[in-house]
Structure formats: structure tokens, C-alpha cells
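Let me begin by presenting the structure, written as C-alpha cells, before commenting on it.
What you see is a predicted model; the values in this text were computed from it and never measured.
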Amino acid sequence: MANLINLENVSKTFGLKTLLDSVSIGVQTGDRIGVVGLNGGGKTTLLEILAGIEPPDSGRVSHTGDLRMAVVTQRANLTDTDTVADVVLRPLGLDTYEWASQARVREVLGGLGIVDLGLDTPVGQLSGGERRRTNLAAAMVRDLDLLILDEPTNHLDIEGVQWLAAHLVARRCALVVVTHDRWFLDTVATRTWEVHDGTVDAYEGGYNDWTFARAERARQADAIEQRRQNLARKELAWLRRGAPARTSKPRYRIEAAEALISNVPAPRDTVELMAFSRKRQGRVVIELEDATITTPDGRELVRDLTWRLNPGERIGLVGVNGSGKTTLLRTIAGEHELAGGRRIEGKTVRLGWLRQELDDLDPNQRLLDAVEDVASYVQMGKRELSASQLAERLGFSAKRQRTPVGDLSGGERRRLQLTRVLMAEPNVLLLDEPTNDLDIDTLQELESLLDGWPGTLVVISHDRYLIERVCDSTWALFGDGELTNLPGGIEEYLERRARTAEGTTGVLDLGSANELGESAPGGGTSDGGERRLSAAEEQRLTKEMRSVERKMGKLQSRQASLAAEMAQAAEQLDQSKLVELDARRVELEAETDALESQWMGLAEALEG
């Protein structure tokens, strides 16, 4: 593997805040790196320094001389008079009529929906999301060594995110991507960088592995009760219990994860919350009877729909961009009139609605005052939180709460909007793309708050982790005039969309993308199709894996004994003994890494 870009002792400061402090890190060929961290923590700055857009204050940035690199940031700097074809095809020397003959170009334009925009459409007529997709397509049609992306899943629906993940895994170029989409991170990334407090911590694997590492670090640092409350451990508990593991890993690591979460309670007590919801809401929440709903442009969305939202029900609403999800949500809220039928609302309903549009607030008002204008205290399940406490849980430090609203970033205004909605103590909560502009830590806090929130919940989101995590049922709009319940959740939605797509252009192979979502990053079939193992081969590989697992178990016991010896030597201030034991520790870790690599190779061979 060759180095593509290296950062050596790089530092970068904006104002009084140090974003990067003597960071040394590099990107190699074949790396697929996911970058995570709090909003404002330095993720985008790190990307811009890697790409050469932003110079460091100190340190050195070096890259190979013939590096072919493309960068897609959140700034879509396009000329309004250029057409989509000018942006995407002209750099390749292709005319509009030639793109279909190029396999990669054809796949990218189809996967990102660029053809639907119209190649002759001027950029100035595109929405913000369409401009972002055009920028992304212009980078992805090129033959590259390194692709650097900042929040590429924004403005993509679930299928678009699925396609993008499949495409990036299939490509051979290196990747550095900032993303808050946890499914996307876990599917694409083979390494994770966490940017925090001026440093960059590197982890092997995607979101699942990063969550495990953070939880283990918290376990070692905190007391037992503090560990119980740790959000990383709570998320890990859900990952292990509620969803299939998305990365292959040795059994000894799975057992370690199970031990770590053995005394963590389930994310929420559904029966208790449902009972509490009925007390607060009564039997009738919101009902649609024989409803016909049309979109603002007159298109029929659903007809003869009878749908009753029950107390405590948690619903995820999915569909492609433009399928009418927001219109349906507006209908539930009573803002969009029915074309036929009737809407019934319970007398005790208190509606909370997180819209995609930001609230129009006084820019000179302090953040905390904007929250306290709604309420000073809120009851979240069995706990009462002050406005300041809720704001802090959603990422606003005590110091930041004194900031004028006009000085907040877009992501911070989104969090403020969410805080105000929750402070109103609604018993029916409508969330329209709540993950936009929220970092992973804030998402975990939001999910933890919703775990104890007793009310009816309807969520529109392309973040499949959020849907699977907080919702108990999934409904979809397929454009057939009906609202369809999906007992199989997101997987069933993607399978049905894939079957629908089979009879169309064939550009978007969602079936293979869905298969990718259940496999480890880098998985997939060869060009010749899937090769089936014989019974003898499968038995041999399984036997070898069990042998490797036994060896790793013995090494784990030796490492535990060694750790106890090192602790004793440290108490006795025996420096020479510590040096000797540390050398043994390094040897054991090297043996463990070798065995783990061997196990992973056997697992991949067994999976075919």
C-alpha cells in the first residue's frame, strides 16, 4: 500500500479555538475512512487541509505528485449559467449524446438521478439538493485515486444512500468521507477517524467497531453506574440486540461486547410507555377516514385511506424524494386539507412538529431565552428537565446557551428548533428529516430522549439507523395511491423497490446494493457470480476458524494476566519490570492481530 497524503504535526486554529493540534495522520491506497465528530469540531477543516483547500497554521502536508483527487464539500460552487452537462460531462470531453456509452458515467448519472434533472437544465434552476447531487456526480464520473466527500448523503433518499454505498465500495479508489449517516458509515468505512479536542483518533472498522471502542474506553474510565448511563454502551446494546451485526468480527470480540452490555436495560419499556400514552392521550389520537390526499400540484398521493394513529405508536415513514411524505405529514398535522374523506383529532392532542424549514426567531435573542420562551421545565418520561438541561443534552454547553440566535450555525439552529419542539411537551411528535445537520453524538442523545418519551411519533428520515432505532413500524409511499405497511422494515422497502426497478432501465441495481447492506464492508460477488463452497470445504474452513478462536481466547487470558502483573509492578514502582512486561504486551497484541487477520480471511472465504 502506498501513501497518498500525509499530515505531519499539523495544527489549525480559528479565532481562539484550536481545531487541530499537532495531528499526524495519513491516507493510503485502498483506505475508506469515515470521519466523525461533533459539529464545529474540525471535521470539514481536516478534509480541506487534506485536499489542499485550506493551509495549516503549522506542520506539513505532502501527497504523491501524480495524485488524481476530487473533493466535494458542502459548498456547491457552480456557475448558474452552466448546464448540468457542462458541469458533469464537459470535464470528461463528452458531448451530451455520448454519456450513455460510458459505463461509469451511465451508472453515476442513473444512481444519483442526474438524468431526471435534465442534462440541458441550467444549474441556476436547480434546488440546493440538486446542485449538491450534480457536484457529487461531477466528481464520481472521473477515474480517481482519492475521493474526498463532505456529507454526501445529505439530500439523498434511502435508495440513493444505498446506491452510493454500493458504488463507493465497488470502486478501487481511496475514500475520505465526513458523514453522520451511521448505516452508510458502517457499510462503507474500513477505518474511522474521530476528530475531537484538537486530536484525531483512528479506529479500525466502521460505526459498529467505533461504538464498541468508545464503549470499552468508557468502561475502563467510569464507575459502574456511570457506565450504565453511557450513551455509547446504550447504542452498542441496541446494535447487538436489535439489528444484525453489520461487520464480521471474531467470536471473542462478540463475547466481549455481550459482556459489556450484559447489565444494560433495553432501550425502552414499550408496554409501560404505551400505558402511559393512553393516560395522556385517551383512545383517539389522529385518524384519517376514507381520505384522499393530493399534492400541492394536484397529483393524487393516496386515495380511500383509513389510518388510525394509536397512543404510543412509533411510525417510520419512507419513500423516494418527491413521493409525498412531507405532504402526508402536513395532512396528519391538519395543515394540508383533504381532497376527500375526513380527519379526526383527539381532544387531548398536543402536536409538536419539527419541520425542515428553520424557525424565524429574533436573531438578537439568547439561545436559552428562545428555549425558555416555550417552557422552563419539561417532563421526559419519569424525569423532569430544565430548559438548560435539555439544551445541554442536545449539544449546547452552558456557555453556548448565552449565544445570540443570529450567531448560530445552520446545524445549531436545527438543534435549537428541536429543543423548542420538545420543550412544548407534545404528546404527538412529527419529525421531518430530524437528522439533517445533527452530528452522531447529538443523534444518540435525541434517540435516548425519545426512548423515554411517552407519545405518538411519526418520523420521516433517510437515516435507516434512526428509523430502526426509534420506530416500531415502517410505512411507505410507493406512488401507487396507497400507504403500505412494511413488517420487514427498511429491508423490505428496498427489496420491493428493487423488484420494481428490475423492469425499468437496469441502471440502478438495488438488489446487489441491498445484498451489500447485509455484508461486511468490501463484500460482494465476483464478476463470475457467486461461488458455492462444497460441504468439505465449508467443514474445513469452519474447523480452522474454531481453532483460531480457541487460540485467541487463550491469548485474551494471557493478556488479562499480563495486565494484572503490570498494575502490580506500577504500584511497586518497578520500572525494569514494567519495561519487560510492556514488551510482552506488544508481542501478545501482534499475535492477536495476526490471528484476527487469519480469522477474517477464513470468514470471507466461508461467506464466499
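Ring geometry, Y465 versus Y207: the interplanar angle exceeds 60°, so the pair is classed perpendicular (tilted spans 30 to 60°).
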*Residues Q162, R464; criterion side chain to side chain donor-acceptor pair (under 3.5 Å); working and verdict*: CA-CA 10 Å; Q162 184 99 338; R464 59 191 295 174; 2.9 Å; yes
*Take T83 and D120 through the test side chain to side chain donor-acceptor pair (under 3.5 Å) and record every step on the way to the result.*
CA-CA 5 Å; T83 65; D120 295 327; 5.3 Å; no
*Given the rule in the side chain to side chain donor-acceptor pair (under 3.5 Å) test, do S461 and D463 qualify, once you have shown the distances and angles that lead to the verdict?*
CA-CA 5 Å; S461 181; D463 186 333; 5.3 Å; no
*asked:* Please determine whether salt bridge (charged side-chain N to carboxylate O under 4.0 Å, His left out) holds for the pair E345 and R343, giving the CA-CA distance in whole Å, both sets of side-chain angles, and the decisive distance to 0.1 Å.
replied: CA-CA 7 Å; E345 180 177 309; R343 174 185 177 274; 2.6 Å; yes
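With a 4.5 Å cut-off on side-chain heavy atoms, P152 and V72 do not count as touching. Residues L477 and V302 form a side-chain contact, since some pair of their non-hydrogen atoms from C-beta on lies under 4.5 Å apart. Here the side chains of V84 and L89 are not in contact, with every heavy-atom distance at 4.5 Å or above. The shortest distance between side-chain heavy atoms of E287 and W307 does not fall below 4.5 Å. Side-chain contact between T326 and Q356: present, with at least one pair of heavy atoms (C-beta onward) separated by less than 4.5 Å. No side-chain heavy atom of C471 sits under 4.5 Å from any side-chain heavy atom of I315. At a threshold of 4.5 Å between non-hydrogen side-chain atoms, the residues R330 and W353 count as touching. The shortest side-chain heavy-atom distance between L429 and L422 falls under the 4.5 Å cut-off.
Annotation: F212 is not in aromatic contact with Y203 [ring centroid separation under 6.0 Å not met].
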Please list every donor-acceptor pair under 3.5 Å in which a side-chain atom of residues 482-490 meets a protein atom from a residue at least two apart or in another chain.
unit_1, atom_1, unit_2, atom_2, d
N485, ND2, T474, O, 3.3

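I33 contributes atom CD1, which lies 8.5 Å from atom CG of L146 (distance to the nearest 0.5 angstrom). Note that CZ of R414 and OG1 of T435 are 8.0 Å apart. Values are rounded to the nearest 0.5 Å.
A salt bridge links R355 with E335: the distance from a Lys NZ or Arg NE/NH1/NH2 to an Asp or Glu carboxylate oxygen falls below 4.0 Å. Salt-bridge check for E130 with R132: failed, with every basic side-chain N at 4.0 Å or more from each acidic carboxylate O. Under a 4.0 Å N-O distance rule, the pair R182/E447 qualifies as a salt bridge.
The shortest heavy-atom contact between A139 and L147 is CB-CD1, 4.0 Å. The nearest pair of heavy atoms linking E107 to W163 is O-CZ2, 3.4 Å. When all heavy atoms of T192 and G205 are compared, the closest pair comes out as OG1-O, 2.7 Å. What you find for H462 and V161 is that their closest heavy atoms are CD2-CG2, 4.3 Å.
Pairs engaging residues 314-343 under the ring pair (Phe, Tyr, Trp, His ring centres under 6.0 Å) rule: none recorded [sequence neighbours left out].
For the side chain to side chain contact (heavy atoms under 4.5 Å, CB included) test with V87, the passing option among T134, L119, L126 is T134; the others fail.
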